[in-house]
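Beneath this line is the structure, given in structure tokens, with notes to follow.
Ligands are counted one by one from 1 in listed order, and the atoms in each one are counted from 1 as well.
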Amino acid sequence: MLRDGGTEEVRRSFAQAADPRARLILDSLTRHLHAFVKEVRPSREEWAAAIDFLTRTGQRCDDTRQEFILLSDVLGVSMLVEELNAGDAGTESTVVGPFHVGDSPVRELGASIDLLGVGEPCVVTGRVVDLDGTPLRGATVDIWQWSADGYYDVQQPDRQPQGNGRGLFTADAEGRFWFRTVVPSHYPIPTDGPAGELLRAAGRHPYRPAHIHVIAAADGHDPVTTHAFVADSPYLDSDAVFAVRESLIRPFDVIDEAERAAAFGVTHPFRLLQLELVLG
Ligand code: BEZ
Ligand code: FE
């Protein structure tokens with residue numbers, strides 16, 4: 001017969017925690033964790049393997065690699081936390097992911113975030129507005145994306161200049177922003193750590209559809225962390241981190257007009273993403 005295993009005693013041990021939120025969290029953690037262990041009934045070897053897995057996850061974290069975020073992402077927990085904390089209006093939010101590291105370089109409107117010059121030219125123009133459509137002057141738009149061949153600058157410090165694919169822009173008086181980049185590709189998330197082991201054990205692929213990351217913020221409004229997904233990308237229906245939302249899939253139109261290309265300082269044909277970001 002399965003004994004209680006001390007569940008009630010552990011719950012009682014947390015009952016006096018001074019902070020009511022901590023009390024609730026520790027009680028819920030105890031109930032769910034003990035229920036999980038009672039259901040799975042791990043052998044001692046399996047429990048040691050689980051602890052080893054988490055130990056190695058921590059050991060793969062440093063200033064440029066965050067394996068715990070990756071694990072939370074592939075388990076769908078990052079998206080769950082996003083959804084639970086999202087407002088019910090405005091641009092939908094998605095995971096921040098593990099590659100928003102440090103401050104993005106401040107860039108002028110119209111600048112290029114692409115420092116490599118490899119890939120299909122792309123112009124992004126947009127506006128940051130509130131729920132009534134009023135432009136948010138001085139809103140900040142923090143952008144990061146991987147290169148045309150699918151790596152972030154921090155993954156290739158010897159091949160990409162620091163800050164490649166990143167930029168922090170300030171919207172003008174009409175809430176507008178624009179910049180140049182290259183069309184990102186779809187690509188696998190890092191699989192050389194414990195999160196990759198988990199994907200392989202599950203027979204899951206590691207790919208994310210092509211996207212550009214955005215954090216938009218303005219005084220007096222809730223910031224939004226979101227993505228613009230490239231509408232014709234593979235893997236939109238099976239993102240390894242479950243972050244695709246229909247409203248975030250955007251056309252990257254092909255523009256083959258010399259005059260418009262010259263106005264943005266790009267060659268043609270180029271791709272154009274128009275992005276309205278709505279803050280609640
Ligand atoms: C990313 O797109 O940067 C990303 C998000 C979640 C996990 C790995 C990568
Ligand atoms: Fe990304």
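Under a 4.0 Å criterion applied to the non-hydrogen atoms of Leu70, ligand 1 contributes the atoms 7 (C), 8 (C). Below 4.0 Å from some heavy atom of Ile189 lie the following atoms of ligand 1, by number and element: 7 (C), 8 (C), 9 (C). Interface of Gly97 with ligand 1, defined as ligand atoms under 4.0 Å from a residue heavy atom, comprises 5 (C), 6 (C).
Using a 30° and 60° split on the angle between ring planes, Phe270 and Phe264 fall in the perpendicular class, above 60°.
Vertex the Fe ion (ligand 2), arms ending at NE2 of His213 and NE2 of His211: the angle is 90° after rounding to 10 degrees.
Close to ligand 1: His211, with a non-hydrogen atom less than 4.0 angstrom away. For His213, the closest heavy-atom approach to ligand 1 falls below 4.0 Å. Ligand 1 does not have Trp144 within reach: every non-hydrogen atom of the residue lies 4.0 Å or more from it.
With hydrogens left out, the protein atom closest to atom 5 (C) of ligand 1 is Arg208 NH1, 3.5 Å, a heavy atom. Closest to atom 6 (C) of ligand 1, if we only count protein heavy atoms, is Asp73 OD2, 3.0 Å.
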| Stepwise salt bridge (Lys or Arg N to Asp or Glu O under 4.0 Å) check, Asp27 with Arg31 | CA-CA 6 Å; Asp27 186 60; Arg31 284 187 288 108; 3.2 Å; yes

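A salt bridge links Arg65 to Asp192: one of the charged nitrogens lies within less than 4.0 Å of a carboxylate oxygen. Contact check on Glu9 versus Arg12 returns no salt bridge, with no Lys/Arg side-chain nitrogen under 4.0 Å from an Asp/Glu carboxylate oxygen.
In terms of polar-atom proximity, Tyr152 is counted as a contact of ligand 1, with an N or O under 3.5 Å from an N or O of the ligand.
For the Fe ion (ligand 2), the set of nearby N, O or S atoms under 2.8 Å includes one belonging to Tyr152.
Aromatic ring centres of Phe99 and Tyr152: separated by under 6.0 Å.
Nearest-heavy-atom check against atom 9 (C) of ligand 1 across Pro209, Pro184, Ser78, Pro98 picks out Pro98.
The two residues Val123 and Thr125 make their nearest non-hydrogen contact at CG1-CG2, 3.9 Å. For the residue pair His213 and Val95, the shortest heavy atom distance occurs at ND1-O, 4.4 Å.
Between the side chains of His100 and Asp142, at least one donor N or O lies within less than 3.5 Å of an accepting N or O.
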